[in-house]
Amino acid sequence: MLSYKFGSMEMGCCKRGGKNIPNASIASLGYSMAPTKMSMDMHMFGAMYALNDDITFAIMTSYIENEMKMKRHSDGSIKTMRSTGMGDTKLNVLTRL
């Protein structure tokens, strides 16, 4: 059996207890930049193989694409940071008890 799943997530500004945290509060903690928006796309791939009625092997891995927009406190400029790459790979062996 082969499988493919896609997941996407978007996030806005920083929050604490459901309320937005102002950039000035983040700057007062000593950070030079504050995140304003983040998005993540995840492509998940899986495969299963039944050796017999009692043993099944399964493997799953993912490819992740992240993007975050950051606002610099000193001049208000917006920078975009990106990262892409393989996520964790998981190998399972399922057996009948």
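Computed over heavy atoms, backbone and side chain alike; hydrogens, waters and symmetry mates excluded. Position 1 is the first residue of the sequence, and the numbers go up from there.
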**Item:** Results of salt bridge (Lys or Arg N to Asp or Glu O under 4.0 Å) for Arg82 - residues two or more places apart only
**Value:** Glu67
**Request:** Quick one: list whatever passes side chain to side chain donor-acceptor pair (under 3.5 Å) with Glu65, sequence neighbours left out.
**Result:** none
**Item:** salt bridge (Lys or Arg N to Asp or Glu O under 4.0 Å) contacts in which one or both residues fall within residues 11-22, not counting sequence neighbours
**Value:** none
**Message:** Applying a strict under-4.5 Å side-chain criterion to I, L, V, M, F, W and Y, I'd like to know whether Tyr63 and Met44 cluster together.
**Reply:** no
**Message:** With rounding to the nearest 0.5 angstrom, report the CD1 to OG distance, Ile26 to Ser32.
**Reply:** 11.5 Å
**Prompt:** Once you round to the nearest 0.5 Å, how far does CG of Asp41 lie from CD of Glu10?
**Reply:** 8.0 Å
**Prompt:** Taking all atoms of both residues into account, what is the closest heavy-atom pair of Ser62 and Met42, and its distance?
**Reply:** CB-CG, 4.0 Å
Under 3.5 Å, side-chain donor or acceptor atoms of residues 68-79 against the rest of the protein: list the pairs with distances, not counting sequence neighbours.
{"residue": "Lys69", "atom": "NZ", "partner": "Thr80", "partner atom": "OG1", "Å": "3.3"}
{"residue": "His73", "atom": "NE2", "partner": "Tyr31", "partner atom": "O", "Å": "3.4"}
{"residue": "Asp75", "atom": "OD1", "partner": "Ser77", "partner atom": "N", "Å": "3.0"}
{"residue": "Asp75", "atom": "OD1", "partner": "Ser77", "partner atom": "OG", "Å": "2.8"}

**Message:** For a 4.5 angstrom cut-off between non-hydrogen side-chain atoms, does Met9 reach Met38?
**Reply:** yes
**Message:** For Ile21 versus Ser25, what's the shortest heavy-atom pair and its separation?
**Reply:** CG2-CB, 3.8 Å
Pair up each side-chain donor or acceptor in residues 85-96 with any protein partner under 3.5 Å, not counting sequence neighbours, and list the distances.
{"residue": "Thr89", "atom": "OG1", "partner": "Thr61", "partner atom": "OG1", "Å": "2.9"}
{"residue": "Thr95", "atom": "OG1", "partner": "Asp54", "partner atom": "O", "Å": "3.4"}
{"residue": "Arg96", "atom": "NE", "partner": "Asp54", "partner atom": "OD1", "Å": "3.0"}
{"residue": "Arg96", "atom": "NH2", "partner": "Asp53", "partner atom": "O", "Å": "3.1"}

**Item:** Set of ring pair (Phe, Tyr, Trp, His ring centres under 6.0 Å) partners for Phe45, sequence neighbours left out
**Value:** Tyr4
**Request:** Provide the closest heavy-atom pair for Pro22 versus Asn20 in the form atom of the first, atom of the second, distance.
**Result:** CD-O, 3.7 Å
